[in-house]
Amino acid sequence: FLFTVLTVFLVIGFLIPARAGADSALKKYVIYSESDPFPGYIVGYGKVRIDMEPDGSTTKEYLDRLHEKGQWYLLLDRTAEFPDPEQVKYDADARAFVPLGPEDITPARRKELDAQQKKQEIADRLPDWATVENAVNNISNLEEAKAYLLKLSRVVYWDVRGKPE
């Protein structure tokens, strides 16, 4: 029994330092774009072993191929926090992360702005309820009913499609 306990402690003693050494070889990286949707936009981030042997599929080799797509990466200090792409961008001239300016619109923010704009456009084009009720009450023939249904259908179509036609 004592031999088994000592063996377990020895194995654990060797494994823990080896695992710590493997973690220390990992480098944090941040991928940023030169132009799309704006210069310095943070596309992604993660960890990579820089000392891996090349075989065509390692993360290091993937990072090296990024410049072909107009994207670049930089390595961070192991203790550094990953940046928030919705808050900062990478300024290559300053070699630092800087806060986003009002002209820097991330894809998530673009989606929010588009949804707000769509909602506002629909609200601007819709009449008040009294006008709608009056129009429905004043329908007296089939042609007026068709015209009104066409207007209603256009609003529903716009809402579902996401843009007016």
In short, Tyr32 meets Tyr90 closest at the heavy-atom pair CZ-CD2, 3.5 Å
Hydrophobic cluster membership, with links at side-chain heavy-atom distances under 4.5 Å among I/L/V/M/F/W/Y: are Leu142 and Leu150 in one?
no
Are more than 12 heavy atoms from other residues, nucleotides or ligands located less than 6.0 Å from atom CD of Glu81?
no
Output for pair (Gln117 CD, Glu121 CD), nearest 0.5 Å, gives 4.5 Å
Min side-chain heavy-atom separation Lys28-Tyr45 under 4.5 Å:
no
Any sub-3.5 Å donor-acceptor pair from Asn134's side-chain atoms to Ala130's backbone N or O?
no
Tell me, do Phe97 and Ile42 make a side-chain contact under 4.5 Å, heavy atoms counted?
yes
Tell me which one of Lys89, Arg109, Arg110 satisfies salt bridge (charged side-chain N to carboxylate O under 4.0 Å, His left out) with Asp104.
Lys89
Counting N and O atoms only, with roles assigned by atom type, does the side chain of Glu144 sit under 3.5 Å from a partner on the main chain of Ser140, one being a donor and the other an acceptor?
yes
Is it possible for you to say whether Val98 and Phe38 belong to one hydrophobic cluster, with membership spreading through side-chain heavy-atom contacts below 4.5 Å?
no
Between the main-chain N or O of Asp36 and the side-chain N or O of Ser33, is there a donor-acceptor pair closer than 3.5 Å?
yes
Can you name the nearest heavy-atom pair linking Pro85 to Leu100, along with the distance?
O-CD1, 3.8 Å
Heavy atoms, side chains only, cut-off 4.5 Å: are Gln120 and Asp124 in contact?
yes
Please check if Tyr148 and Val156 belong to a single hydrophobic cluster, counting links between Ile, Leu, Val, Met, Phe, Trp and Tyr side chain heavy atoms closer than 4.5 Å.
no
Can any side-chain N or O of Ser153 pair as donor or acceptor with the backbone N or O of Leu149 at less than 3.5 Å?
yes
When you compare the side chain of Thr106 with that of Pro37, does any pair of heavy atoms fall below 4.5 Å?
no
Co-membership, hydrophobic cluster, residues Val88 and Ile105, 4.5 Å side-chain
no
